[in-house]
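Written out below as structure tokens is the structure these notes cover.
Just the heavy atoms: all of them, side chains too, but no hydrogens, waters or symmetry mates, feed the values below. The shown structure was predicted, so the numbers you read here are calculated from the model rather than taken from an experiment. All ligand and atom numbering here is 1-based and tracks the order in the structure. For reference, positions follow the sequence shown, starting with 1.
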Amino acid sequence: MKVTKSIFGKAVNDTVSSYTLSNSRMSVKIIEYGARVAELLYDDVSVVCGFDTIEGYLKDNDYHGSIVGRYANRIYKGKFSIDGREYNVSNNEAGRYHLHGGYCGFSGKLWKLENLGCDDDRAYVTLKYVSPDNEEGFPGTLAVYVTYTLTLADELKIDYVAVSDKDTIINLTNHSYFNLSGVGNTILDHMLTMYCDQYIPVDQKLIPFGYFANVTGTPFDFRTAKAIGRDIDADDIQIKTAGGYDHCFTRDRGENKDSPLLIATISSPVTDITMDILTTEGGIQMYTGNFMTADNPFFSNCPQRKNQAVALECNRIPDSPNHAAFPSCVYRAGEKYTQTTIYRFKR
Ligand code: GLA
């Protein structure tokens with residue numbers, strides 16, 4: 001196993017380094033800007049959308065490959081309360097809702113190298129970001145550590161640890177967009193299984209109503225493998241609202257697990273590459289690139305197109321601070337937040 005360091009470019013007035021973790025079949029390039037997965041090659045197939053240069057990432061508004069936080073996904077009107085005290089965080093979506101950490105969340109920060117190494121079984125890099133008290137309105141200084149590990153078993157493992165010095169809310173995820181046929185192809189033919197009995201219906205602004213819905217008999221039933229495109233145009237109010245899938249799927253009503261468990265499996269009929277997703281999180285946001293139309297080409301000038309990739313973001317349920325039915329994402333001062341998510345490749 002190997003890890004190499006290079007210079008990727010410049011951002012936030014500083015040099016952005018990249019760290020490439022590799023084994024004989026797989027290589028993963030991580031950059032410090034947004035702690036992003038900037039490239040993932042499996043058997044030489046490029047399976048995560050990204051850009052050739054730092055300029056592509058600086059222009060990007062869709063969180064490509066990045067770590068998202070302090071709160072991934074949406075918060076209604078950017079408001080929530082902890083012990084009766086109200087907080088207001090940035091309303092960066094249409095000036096009315098909070099999305100993915102605010103105007104400049106963790107995806108727009110320059111993370112610092114904390115550690116890197118490799119041995120016979122793994123190669124890893126740990127990046128750190130310290131989010132100041134009141135950044136984007138969130139209470140408490142939050143230290144966040146993200147470790148990307150590539151294993152000999154072709155797994156990309158992401159371990160998150162975060163601790164705040166004041167009570168706060170935490171919801172972190174990785175926002176890689178996958179295409180197992182290779183960047184530039186469609187994902188509508190990908191076969192997907194989700195081990196999730198329920199999903200979270202949303203309103204016109206993609207904010208949860210606050211209840212769980214059973215997937216049985218709906219386009220959201222992926223409990224046995226189904227092509228992503230099969231029901232993506234179904235005459236279903238939830239599908240119409242999002243213009244495809246942009247929903248959180250849950251198992252065990254969103255409860256976290258102590259160790260990572262299989263939550264989804266996706267495979268390409270073109271390359272036969274399969275990816276298992278295992279996570280300690282109780283939810284997974286599936287976003288089928290419904291708004292993927294940006295004028296910011298991916299690698300080798302490949303234009304962005306709708307449904308060209310799927311993000312499968314392991315996280316807490318969106319807007320959970322405002323819904324009693326959803327597991328809490330409040331972390332007390334000094335309390336440790338952890339998450340482990342594994343993307344395991346095979347063919
Ligand atoms: C998430 C959201 C989507 C969209 C993308 C980023 O997955 O749920 O609605 O905002 O991020 O473009």
Side-chain angles (χ1 to χ4, degrees), residues 34-37 48-51 56-76 78 89-108 136 158 171-179 183 187 192 194 196 199-209 220 228 232 238-250 254 263-264 266 277 279 281 283-298 303-320 322-323 326 329 341 343:
R36 293 170 191 244
V37 174
V48 169
C49 293
F51 308 98
Y57 288 97
L58 290 171
K59 210 173 151 191
D60 169 47
N61 288 318
D62 296 306
Y63 312 91
H64 275 280
S66 69
I67 296 298
V68 174
R70 179 177 313 197
Y71 194 91
N73 214 285
R74 296 179 172 81
I75 300 176
Y76 180 64
V89 293
S90 306
N91 282 320
N92 57 310
E93 189 169 64
R96 296 178 66 191
Y97 307 102
H98 180 82
L99 175 67
H100 285 333
Y103 294 103
C104 186
F106 297 175
S107 53
E136 304 281 347
I158 313 176
N171 181 19
L172 305 178
T173 194
N174 174 276
H175 209 305
S176 291
Y177 291 79
F178 296 96
N179 189 318
V183 174
I187 45 98
L192 175 68
M194 300 253 253
C196 298
Y199 79 101
I200 308 297
V202 291
D203 68 12
Q204 290 299 321
K205 301 294 178 199
L206 305 179
I207 307 278
F209 291 113
F220 295 85
I228 290 181
I232 205 167
Q238 283 297 313
I239 291 280
K240 296 277 176 236
T241 295
Y245 296 96
D246 194 350
H247 294 82
C248 184
F249 289 68
T250 57
I263 196 163
I266 178 167
I277 304 177
T279 187
E281 295 290 288
I284 182 167
Q285 178 85 10
M286 156 141 103
Y287 170 57
T288 44
N290 313 328
F291 323 119
M292 193 175 253
T293 50
D295 177 22
N296 188 14
F298 296 136
Q304 293 202 25
R305 271 180 288 106
K306 188 178 172 185
N307 303 141
Q308 204 180 14
V310 60
L312 291 160
E313 310 150 50
C314 298
N315 55 22
R316 305 293 156 88
I317 302 176
D319 199 29
S320 53
N322 293 315
H323 302 285
F326 300 161
C329 60
T341 292
Y343 296 106

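Shown in contact with Asn73 at under 4.0 Å from a heavy atom are these atoms of ligand 1, numbered in order with element: 8 (O). Of all atoms in ligand 1, numbered sequentially from 1 with element shown, those under 4.0 Å from a heavy atom of Gln285 are 8 (O).
One finds a salt bridge joining Arg316 and Glu281 here, because a Lys/Arg side-chain nitrogen approaches an Asp/Glu carboxylate oxygen to under 4.0 Å.
Aromatic rings of Phe298 and Phe51 (six-membered ring for Trp) have centroids within the 6.0 Å cut-off, being under it. Separation of the Phe220 and His247 ring centroids falls under the 6.0 Å cut-off. Ring centroids of Tyr177 and His175 are separated by less than 6.0 Å, placing the two rings close together.
When heavy-atom distances to ligand 1 are checked against a 4.0 Å cut-off, Asn290 has no atom that comes that close, whether in backbone or side chain. Neither the backbone nor the side chain of Tyr245 has a heavy atom within less than 4.0 Å of ligand 1. With a heavy-atom cut-off of 4.0 Å, Asn61 does not touch ligand 1 at all.
Counting only heavy atoms of the protein, atom 6 (C) of ligand 1 lies nearest to Tyr177 OH, 3.6 Å. Remark: minimum distance from atom 12 (O) of ligand 1 to any protein heavy atom is reached at Asp62 OD1, 2.9 Å. From the protein, the heavy atom lying nearest to atom 8 (O) of ligand 1 is Asp246 OD1, 2.6 Å.
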Query raised in the report: Hey, mind stepping through Asn290 and Thr288 against side-chain hydrogen bond (donor to acceptor under 3.5 Å, both in side chains) and telling me if it holds?
Result: CA-CA 5 Å; Asn290 313 328; Thr288 44; 2.6 Å; yes
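Taking each of His64, His100, Met292 in turn, the one with a heavy atom nearest to atom 11 (O) of ligand 1 proves to be His100.
Proximity of a side-chain donor or acceptor of Gln304 to a complementary backbone N or O of Asn296 within less than 3.5 Å is detected.
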